[in-house]
**Student:** 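Submitted below is the structure of interest, expressed as structure tokens.
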Amino acid sequence: MRRNPVAWAALVVSTAALLSSTGVLRPMPAAPKTTPESQRTAKALSEAYESVAEFVRPSAVQISVQKKAPKMTGMRGLPFQFPNPGGGNNPHGTPNPRDMKDLEEMLKKFFGPDGKPEKQQFGGRGGGGGGVGSGFVYDDKGHILTNNHVVENADKITVVFHDGIELPATVVGRDAKSDVAVVKVDNTSYPPLPLGDSAKLKVGDLVMAVGSPFELSQSFTTGIISATERNTVGINEYESFLQTDAAINPGNSGGPLVNMDGQVVGVNSAIVTGSRGMGTGGNDGIGFAIPIDMASNVADQLIKDGKVHRARIGIKLDPLTPVLARQLGLEAGVKGILVGEVVPGGPADKAGLKQGDVIVGYAGEKILSIPTFRLKVASSSAGKSSEVEYFRDGKRQTAAIVPAPAENVVFDVEREQAGEEKEEAAAEPVKTAISDFGLEVQALTPELVKGLGLEEKVKGVLVAEVKENSAAEAEGVKAGDVITKVVRDRGVQDLAGVKEFQELAAKSDEISVYVQSNKAPGRFVTLSKPKK
């Protein structure tokens with residue numbers, strides 16, 4: 001059978017096209033053209049990263065935290081506030097169904113659907129119930145360095161090492177002002193990381209960020225130092241951040257930022273997200289780490305004394321604007337800070353500083369910004385004289401100034417605030433621990449009774465806190481519940497108050513109580529002491 005030549009040609013063309021599309025006839029791309037020297041350089045860099053990672057791995061840890069429920073302020077003595085408790089046609093403050101729904105939605109921000117804290121990863125600033133952060137072995141005594149915001153308000157801290165070993169940890173000390181914290185485990189066999197010199201870092205230096213982003217332990221990312229002395233970020237009271245483009249994500253907080261010698265040069269602390277905020281969003285190439293020089297100074301004090309000692313000279317700091325500089329008779333280009341107020345009898349007052357002076361130097365270093373000056377003074381040794389350089393009436397002058405302990409130099413406004421805080425603390429309800437049953441209770445005041453929507457004659461105790469893994473938790477008792485009755489002498493009796501409940505619990509191995517809740521009808525539960 002003869003075929004049309006045109007048909008044969010079409011068949012050949014279509015077959016060739018098919019083979020080409022499947023890659024059979026497609027030419028293979030040539031290997032990239034790189035010189036042997038560039039290949040050796042790339043391989044050397046890769047091997048350097050591998051060596052640093054292998055060296056750091058045994059000292060980098062994951063920190064799992066279970067946190068106390070965040071305090072929601074409402075009427076005094078009430079551990080939470082009903083949304084709009086007395087609004088609309090609800091003059092007595094009794095929660096209506098809509099209010100309760102709003103409260104439920106509010107609580108879901110802090111707790112999961114089963115009432116237990118949800119996990120979060122701390123990368124910038126973490127929130128409520130618990131989370132996962134990072135840290136590193138600081139010394140051979142079991143101390144772990146991390147961020148304050150990772151372990152703040154922690155009920156339970158677990159440190160997970162590179163080999164999977166999990167150890168409970170206790171807080172040695174925390175410093176919220178610098179966001180540094182130290183926790184301790186009993187095991188001291190893991191090697192501490194050597195500390196570098198963050199003051200010698202330069203923009204462009206290679207670094208690696210280590211941590212547990214999104215609970216992915218032992219994660220390493222690489223980058224460079226993008227900037228140093230970022231002290232106007234506004235996260236901490238005392239800050240002089242290293243900025244890096246090494247990826248820092250939620251969960252990296254507290255982990256080490258290391259140089260190519262495997263030395264810690266910073267503590268990963270925060271990120272800038274696409275929403276222009278400091279938070280727990282994804283990495284956008286802008287991360288911040290606390291310089292190790294600053295972090296180790298704080299850590300050493302926390303380990304030694306459990307707190308940080310800072311110094312003050314007693315001046316209120318104001319920015320020096322170009323207009324103010326001109327009006328004060330300063331030459332164009334002079335940088336410094338303006339003395340806005342002087343504490344009478346404080347170190348600055350004794351050194352002769354006055355309102356309107358412009359400070360341009362301290363302890364031999366130039367002063368260009370308020371955060372820099374605040375940090376330098378705070379880090380000074382109290383009682384040790386330093387030279388301060390300033391302008392007055394357009395003339396440069398110097399004076400010797402002796403910083404004092406921060407707690408000894410207080411402005412009047414701070415005294416007033418401290419007094420208000422003491423009054424508020426004194427008004428807080430006293431909580432009593434019923435330890436064997438895992439409860440903390442407080443008096444059920446008329447104000448609480450009204451706020452909880454109970455009958456005015458109801459007496460009993462308010463459950464302020466329920467301990468984890470306790471008998472009370474096992475029976476579903478929750479903070480905010482009210483215990484109004486007890487089973488005693490073969491009958492059900494009203495519970496008068498905290499003292500009666502405490503005495504009854506002290507002499508009973510098990511106790512049956514009637515629990516009332518906002519969310520459900522009242523019920524009897526039996527609490528038993530743990531067997532020894």
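All values reported here derive from a predicted model rather than from experimental measurement.
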**Student:** Between the main-chain N or O of Asp293 and the side-chain N or O of Ser198, is there a donor-acceptor pair closer than 3.5 Å?
**Tutor:**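 Side chain of Ser198 to backbone of Asp293, a donor-acceptor pair under 3.5 Å: yes, one is there.
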**Student:** Given 3.5 Å as the limit, does a donor-acceptor pair link the side chain of Glu229 with the main chain of Leu242, or not?
**Tutor:**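 Pair absent, no side-chain N/O of Glu229 close to backbone of Leu242.
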**Student:** Is there a donor-acceptor pair under 3.5 Å between the side chain of Thr221 and the backbone N or O of Ala247?
**Tutor:** yes
**Student:** Check whether Asn259 reaches the backbone of Gln263 with its side chain - one donor and one acceptor, N or O, closer than 3.5 Å.
**Tutor:**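 Checked: pair present.
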**Student:** Is it true that Glu389 and Arg396 make a salt bridge, defined as a side-chain N closer than 4.0 Å to a carboxylate O?
**Tutor:** yes
**Student:** Should Arg374 and Glu237 count as an ion pair when the cut-off is N to O under 4.0 Å?
**Tutor:** no
**Student:** Asn147 side chain to Gly254 main-chain N or O, any donor-acceptor pair under 3.5 Å?
**Tutor:** yes
**Student:** Please check if the side chain of Ser219 supplies one atom and the backbone of Leu216 the other of a donor-acceptor pair under 3.5 Å.
**Tutor:**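 Here the side-chain-to-backbone pair exists.
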**Student:** As a quick check of understanding, evaluate side-chain hydrogen bond (donor to acceptor under 3.5 Å, both in side chains) for Gln243 and Arg230, giving each step before the final call.
**Tutor:** CA-CA 7 Å; Gln243 182 183 326; Arg230 290 292 196 203; 2.7 Å; yes
**Student:** Going through the distances and angles, do Tyr362 and Ser380 end up as a side-chain hydrogen bond (donor to acceptor under 3.5 Å, both in side chains)?
**Tutor:** CA-CA 10 Å; Tyr362 180 78; Ser380 300; 3.0 Å; yes
**Student:** Main chain of Leu302, side chain of Asp305: is a donor-acceptor contact present, judged purely on distance under 3.5 Å?
**Tutor:** no
**Student:** Please determine whether a side-chain nitrogen of the Lys or Arg among Asp186 and Lys141 lies less than 4.0 Å from a carboxylate oxygen of the Asp or Glu.
**Tutor:** no
**Student:** Is the shortest side-chain heavy-atom distance between Arg392 and Lys354 below 4.5 Å?
**Tutor:**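 A side-chain contact under 4.5 Å exists here.
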**Student:** Between Gln62 and Val159, is there a donor-acceptor pair closer than 3.5 Å when you use the side chain of the first and the backbone of the second?
**Tutor:**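 A pair under 3.5 Å: no.
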**Student:** Crowded around Glu331 CD? As in, over 12 foreign heavy atoms under 6.0 Å?
**Tutor:** no
**Student:** Test side-chain hydrogen bond (donor to acceptor under 3.5 Å, both in side chains) on Asn231 and Ser240 and set out the steps.
**Tutor:** CA-CA 4 Å; Asn231 52 26; Ser240 183; 5.2 Å; no
**Student:** Going by atom types alone, do Asn252 and Ser134 pair a side-chain donor with an acceptor below 3.5 Å?
**Tutor:** no
**Student:** Has Glu239 got a side-chain atom pairing as donor or acceptor with Asn236's backbone, closer than 3.5 angstrom?
**Tutor:**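 Flag set: sc Glu239 to bb Asn236 pair under 3.5 Å.
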**Student:** Hey, can you tell me if Phe161 and Tyr190 have their rings parallel, tilted or perpendicular (30° and 60° cut-offs)?
**Tutor:** parallel
